[in-house]
Amino acid sequence: MNLHPEWSYQAVLYEMNVRQLTPEGTLRAAAAKLPFLRDLGVDAVWLMPIYPIGEAGRKGSLGSYYSIRDYCAVNPELGTMADFDAFVAEAHRLGIKILLDWVANHTARDARWIAEQHASWYERDAAGEPAVPWDWSDTAKLNYANRDVWRAQGDAMEFWITQHAVDGFRCDMAMLVPVDFWTETSRRLRRIHPDLFLLAEAEERNLVEEGGFDACYAWEMHHLLNDVARQRVRVTALRDYIYADRGRYPDSAMRLAFTSNHDENTWNGSEFTRMGDAREIMAVFTFVVPRGLPLIYTGQEIGYDHSFAFFDRDPIREYRANGFTDFYRRLTALRHGNPALAAGERGGAMIEIRNNAEDCLMTMVRETAGNRVVAVMNLSPYAIHADYYTGIYAGMYTDAMTGEPCELRGRVEEDMAPWSYRILTR
């Protein structure tokens, strides 16, 4: 029995920032990019929120995608509902799944639900106004003590599944609402769409154990990737994380692995800024890490070194395939061609080959019946002299990044440049 949709085990996700992907910033223009993404090897597109944006307390000229006025409509700046349906139809024609960004914790301060005078649907501040979560002054916090909110959220999610053919949801800040809401709602939605895919933007274990989520974020790992790149910590911290994480979640839990996303890119800079020369090996790492479900963010596929403005138009001016595109295409082919790298319970566990430089070098194997991947990664800014015995893993392989045949000798002794790697498959 599949614990997750069949397509998801070896999938590569793409987060689409519709506002900035194209000069037009529309769903229609974005749909024209889907063949490029299919050719890149993308299996599912997560669309940042496409709903109408609040005007009360709006930030910047266009406001935040995450300040939602109406859960069942399309932001007119992006196009019409017909444009959305055409986008989904084109994606499905190409074999790409569509995940909507779902923001269950809060709405805009001038949301339809407020206008309809659902007063008890919102938490209130001392002055009786809808409460503001954190410093998100353009939003109003929903009241999950009221079961009507649960029903209304479920109704809205069902609307997109039944009326507009979406394949799942990426759920924003999923830990801010009760896990029982997710448990009940995921069951309800899967009765309608058994192959629904749910991704939680959170790391709380109960979201996958009880809440019905297929996957959750690996935020802690992401921050470690940034820290290793800057040498705030050595790779030993990353290794310790992988072993500790193995015991924290059920084997079936998929973990979103990324070097960038809209939050990181906007507030902390692009992967070029955060990771420097380590950005390439860190991207490789997200494709080979145990349980990992790799994500590519808008612009990464063309090596766009820019931190997008969040509340204003700031589109990619020139979008064309280049060496970065080729790099990601090789990674997606690696992912699709090797069952050992599958996410969730299907992929191979990490087996380490001991080496002489473990504060810099990771040498690991992931294996399933009929498939083996060996990753040799110098996760440091130092040139090292590597020395290790491969034992039962010696033999002939294919280099995943060049396609060339490659022998892994019984004893490997070689110099490795900073941030260099080899990924071998058979």
Side-chain angles (χ1 to χ4, degrees), residues 7-8 11-22 25-27 29-31 33-34 36-38 40-51 64-66 68 75 78 84 87-88 91 94 96-103 166-174 197-203 213-219 221-222 225-226 254-272 274-275 279 282-283 286-287 292-311 314-316 319 324-325 328 331-332 335 343:
W7 63 264
S8 66
V12 176
L13 271 51
Y14 179 88
E15 180 188 1
M16 184 178 284
N17 186 332
V18 184
R19 183 181 281 171
Q20 316 300 15
L21 175 65
T22 63
T26 62
L27 286 162
K33 290 281 188 278
L34 288 169
F36 184 99
L37 296 178
R38 176 64 273 177
L40 188 70
V42 167
D43 301 281
V45 169
W46 143 33
L47 287 166
M48 286 176 70
I50 50 137
Y51 322 99
S64 169
Y65 276 136
Y66 294 85
I68 295 168
N75 179 351
L78 304 183
F84 176 79
F87 180 93
V88 175
L94 295 164
I96 295 173
K97 305 294 183 184
I98 295 298
L99 310 179
L100 283 192
D101 208 322
W102 200 259
V103 187
V166 306
D167 303 290
F169 299 93
R170 173 266 185 195
C171 298
D172 184 68
M173 302 294 276
F197 188 81
L198 294 175
L199 164 64
E201 190 216 356
E203 290 202 88
F213 282 95
D214 295 281
C216 62
Y217 271 49
W219 272 120
M221 184 178 79
H222 174 75
L225 296 182
N226 286 334
M254 297 180 172
R255 310 302 305 286
L256 191 74
F258 49 91
T259 58
S260 194
N261 59 36
H262 70 268
D263 286 306
E264 280 295 291
N265 173 275
T266 300
W267 312 117
N268 298 320
S270 75
E271 65 276 18
F272 293 83
R274 287 177 285 103
M275 296 179 168
R279 66 186 178 275
M282 295 307 181
T286 64
F287 276 75
L293 181 70
L295 175 77
I296 303 168
Y297 177 53
T298 298
Q300 287 194 288
E301 70 277 19
I302 55 165
Y304 191 58
D305 179 11
H306 180 71
S307 178
F308 290 113
F310 199 72
F311 306 114
D314 184 16
I316 297 172
Y319 188 100
F324 294 94
T325 317
Y328 276 108
L331 285 183
T332 61
R335 171 93 173 153

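Note that this is a predicted model, so its numbers are computed, not measured.
- A donor-acceptor pair under 3.5 Å is formed between the side chain of E15 and the backbone N or O of H262.
- One finds the CH2 atom of W46 at 11.5 Å from the CZ atom of F197 (value rounded to the nearest 0.5 Å).
- Note on ring orientation: taking the six-membered ring where Trp is involved, the planes of W267 and F311 are tilted (angle from 30° to 60°).
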### Query
Under the side chain to side chain contact (heavy atoms under 4.5 Å, CB included) criterion, do F36 and V42 qualify, and how do the steps go?
CA-CA 9 Å; F36 184 99; V42 167; over 6 Å; no
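- Here the side chains of R255 and M221 are not in contact, with every heavy-atom distance at 4.5 Å or above.
- Taking the six-membered ring where tryptophan is involved, the planes of H306 and Y304 are tilted, since the angle between them lies from 30° to 60°.
- When side chains are defined from C-beta on, R38 counts as touching D43, because their heavy atoms get closer than 4.5 Å.
- Within the 4.5 Å cutoff, side-chain heavy atoms of L199 are placed close to those of Y217.
- If you check the side chains of N17 and Y65, you find a donor sitting under 3.5 Å from an acceptor.
- The backbone N or O of N265 sits less than 3.5 Å from a side-chain atom of S307, completing a donor-acceptor pair.
- Using a distance-only test at 3.5 Å, with no hydrogens or angles considered, a donor-acceptor pair links the side chain of D214 to the main chain of L198.
- Checking each of V88, I98, V45 against D167 for a side-chain contact (heavy atoms from CB on, under 4.5 Å) leaves exactly one that passes, namely I98.
- Across all non-hydrogen atoms, the minimal contact from F310 to S64 is CE2-OG, 3.7 Å.
- Here the side chains of T286 and L225 are in contact, with some heavy-atom distance below 4.5 Å.
- When atom types are taken as modelled, the side chain of E301 and the backbone of T325 share no donor-acceptor pair closer than 3.5 angstrom.
- Going from atom OH of Y51 over to atom CG of D101 covers 6.5 Å, rounded to the nearest 0.5 Å.
- Between the side chain of Q300 and the backbone N or O of T298 there is no donor-acceptor pair closer than 3.5 Å.
- For the pair K33 and Y319, the distance from NZ or CZ to the six-membered ring centre is under 6.0 Å and the angle to the ring normal is within 45 degrees.
- In this structure, G41 and V12 approach most closely via the heavy-atom pair O-CB, 3.9 Å.
- For the pair P294 and A11, the tightest heavy-atom approach, listed with the atom from each and the gap, is CD-O, 3.7 Å.
- L293 has its side chain within reach of R335: a pair of non-hydrogen atoms, C-beta onward, lies under 4.5 Å apart.
- Of all the heavy atoms in G292 and A343, the pair that sits closest is O-CB, 3.5 Å.
- How far OG1 of T22 is from CE of M16: 9.0 Å, rounded to the nearest 0.5 Å.
- Looking only at side-chain heavy atoms (C-beta outward), W219 and E201 come within less than 4.5 Å of each other.
- Atoms CG and OG1, from N75 and T26 in turn, are 11.0 Å apart once rounded to the nearest 0.5 Å.
- Heavy-atom minimum distance, I296 versus Y328: CD1-CD2, 3.7 Å.
- Across all their heavy atoms, C216 and A202 have their closest contact at CB-O, 3.2 Å.
- Looking only at side-chain heavy atoms (C-beta outward), L78 and F87 stay at 4.5 Å or farther from each other.
- Residue R170 holds its CZ atom at 7.5 Å from CG of N261, rounded to the nearest 0.5 Å.
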### Message
Is there a side chain to side chain contact (heavy atoms under 4.5 Å, CB included) between I96 and Y14? Walk through the geometry before answering.
### Response
CA-CA 10 Å; I96 295 173; Y14 179 88; over 6 Å; no
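- In summary, the aromatic rings of F324 and F272 are positioned with their centroids under 6.0 Å apart.
- At a cut-off of 3.5 Å, with distance as the only test, no side-chain donor of Y297 or E264 sits close to an acceptor on the other residue.
- A donor and an acceptor atom, one from each side chain of R274 and N226, are located under 3.5 Å apart.
- With contacts defined as side-chain heavy-atom distances shorter than 4.5 Å, the pair K97/W7 qualifies.
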### Task
Quick one: do M254 and F213 satisfy side chain to side chain contact (heavy atoms under 4.5 Å, CB included)? Show the steps, please.
CA-CA 9 Å; M254 297 180 172; F213 282 95; over 6 Å; no
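- Note: F169 and W102 have perpendicular aromatic rings, judged against thresholds of 30 and 60 degrees for the angle between ring planes.
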